[in-house]
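Letters go in sequence order (proteins before strands), and every chain restarts at 1.
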Protein chains: 2
Amino acid sequence: MATGRTHRPATRSRGIPEATVARLPLYLRALTALSERSVPTVSSEELAAAAGVNSAKLRKDFSYLGSYGTRGVGYDVEYLVYQISRELGLTQDWPVVIVGIGNLGAALANYGGFASRGFRVAALIDADPGMAGKPVAGIPVQHTDELESIIRDNGVSIGVIATPAGAAQQVCDRLVAAGVTSILNFAPTVLSVPDGVDVRKVDLSIELQILAFHEQRKAGEEATTGVAAETAVPAAAREESGTDQGPDGDVPAVMPA
Amino acid sequence: MATGRTHRPATRSRGIPEATVARLPLYLRALTALSERSVPTVSSEELAAAAGVNSAKLRKDFSYLGSYGTRGVGYDVEYLVYQISRELGLTQDWPVVIVGIGNLGAALANYGGFASRGFRVAALIDADPGMAGKPVAGIPVQHTDELESIIRDNGVSIGVIATPAGAAQQVCDRLVAAGVTSILNFAPTVLSVPDGVDVRKVDLSIELQILAFHEQRKAGEEATTGVAAETAVPAAAREESGTDQGPDGDVPAVMPA
DNA sequence: ATGTCTTTGTGAACGCGTGCACAAAGATGG
DNA sequence: CCATCTTTGTGCACGCGTTCACAAAGACAT
């Protein structure tokens, strides 16, 4: 992904590199699966294969956490699960609010992976007064007016933005002002936040465009190696052929129903 | 974000670095917004600010595409929009199939950003026979049995997996066997694919965990600098306190309704 | 035509991340 | 207790990506 890397000179998070942090959840998932199968220990080789990474990388990653392995044997699964959970801050409960209960917001609210790993959906918030009180995933939607009080009363520090792009920055500002210091942004916009606030971005459209790039290259490679699409059309091309949806730039992660 | 970087030694994609490719969609979005406001030209400084990146980085990125700017003036917005679109392969239409029409799959089907930028949802596929024929986002859901014929008949090369984790690899295998060479995976699993197939992964749970890590560090920093949470609890902790949902590891990106 | 001013394009330095390859550590068997 | 064998932990080198800083290029005014 894609991070808003809004502050902090990357590394020096107590020594743990950012790239390593991003892989810890991956290891944790693989370890949890092993734990369920009651596997007592794993070698770096096995675990690396399960997580889809290089074993040397995995060992180096773990070395940042400390020496939790036993040479000649491997890593104790349960112990490692606990250590990584603790390192990631998953031993405590993180109340989370989701703002923008459209299709995506609702999907997120129903997402099982949230609750099962230290995250608790404290509230669902939407600007549409018609949504207020309507339960989604068993939680009644609340109106944006109550955003500040919800944040403060529940001690929420993590917010998820699933609003249309146009509303994202405003929602973000209110979240931050109310005390939120970490934001997961699904709206297709660049959010600007003060120092000390972390933003991570998930953008479906961007992911697809990256795939399209590689796809095009593959196609152009195997077919005409000389590439026939190099014709330099001046401009005017790529006119937004008025689809039902407005110009993409302002389209929400998903339209509020 | 997170890529399956399954093949290819990264760079050398005709010279364009992977990191640059990942930013092109960002620039494109900012440029499209400018285009709509009929702004004729932008400087690297302005555009960089709009896209949330460093201006030197942006200029270097564009330099990989060619010399499309005019010194002393900046970049022609329309021309650049076209060039980037072409580079990303967005001037052609990419038929896409979405497999797994649960909450998330439905949200994706309704996502406006797909259709508006060269991507067309060719079909929605789900394993539940009860879903067959039921329209989602105006498109009737089809049964998994027809997966192969759909792919072939529509010439689909990009597939989106939004199934539970347990089904993801199997779906992936079938997609690849049928001719799909790019996959966007929302299921929390590591997919293994043959060389030549690109996989990109979007994992909501992982993003939140990364945020939690930084959040914890912030909290531990400002409060007790000596960190009081360093108490080394042996193990046994972090018992999956049987939530309604099963163990997260196998939870789908979102449960099929 | 010439000079000034703006902005691009890029050479070079630096830092992070990755992967190799091996020494150190410990288990295990005799 | 010693030898052997497995697997960790890490020093080192390499390459990608980022950033600085500046020369080259062109617009624009005079």
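- With hydrogens and angles ignored, the 3.5 Å screen pairs a side-chain donor or acceptor of B:Gln169 with a backbone N or O of B:Ser192.
- Using modelled atom types, one side-chain atom of B:Thr32 and one backbone atom of B:Leu28 make a donor-acceptor pair closer than 3.5 Å.
- Using a 4.0 Å heavy-atom cutoff across all strands shown, A:Ser67 reaches sugar-phosphate atoms only and no base atom.
- Smallest separation of non-hydrogen atoms from B:Gln209 and A:Leu90: OE1-CD2, 3.6 Å.
- Backbone-only engagement by A:Tyr75 is indicated by non-hydrogen atom pairs under 4.0 Å involving sugar-phosphate atoms exclusively.
- Toward the 5′ end of DNA chain D lies the nearest nucleotide of A:Val73, the other residue of the pair A:Val73 and A:Ser63 mapping further downstream.
- Distance B:Leu65 CG to C:dT10 C1': 15 Å, rounded to the nearest Å.
- Straight-line distance from the CZ atom of B:Arg23 to the C1' atom of D:dG17: 8 Å, rounded to whole Å.
- Side-chain atoms of A:Arg71 and base atoms of D:dT7 include no donor and acceptor less than 3.5 Å apart.
- Side-chain N/O atoms of A:Asn54 include none lying less than 4.0 angstrom from OP1 or OP2 on C:dG17.
- Atom CG of A:Asp76 is separated from atom P of C:dA27 by 13 Å (rounded to the nearest Å).
- Taking atom CG on B:Asp61 and atom P on C:dG9, their separation rounds to 12 Å, with Å as the unit.
- At whole-Å resolution of the value, CG in A:Leu58 and P in C:dC20 are 14 Å apart.
- Within the structure, every side-chain polar atom (N or O) of A:Thr70 is placed at least 4.0 Å from both OP1 and OP2 of C:dG26.
- With ring centers used as reference points, A:Tyr79 lies under 6.0 Å from A:Tyr68.
- Whole-Å rounding puts the A:Tyr68 OH to C:dA25 P distance at 19 Å.
- Atom NZ of A:Lys57 is separated from atom P of D:dC14 by 19 Å (rounded to the nearest Å).
- Taking each heavy atom of A:Leu26 and A:Ala51 in turn, the nearest pair found is CD2-O, 3.6 Å.
- Between B:Lys60 atom NZ and D:dC16 atom P there is a gap of 14 Å when expressed in whole angstrom units.
- Which of D:dT8, C:dG17, D:dT18 sits closest to the side chain of A:Ala19 comes down to C:dG17.
- Distances shown here put every side-chain N or O of B:Arg59 at or beyond 4.0 Å from the OP1 or OP2 atom of D:dA21.
- Using a 4.0 Å cut-off, no side-chain N or O of B:Ser43 falls inside it from OP1 or OP2 of C:dT7.
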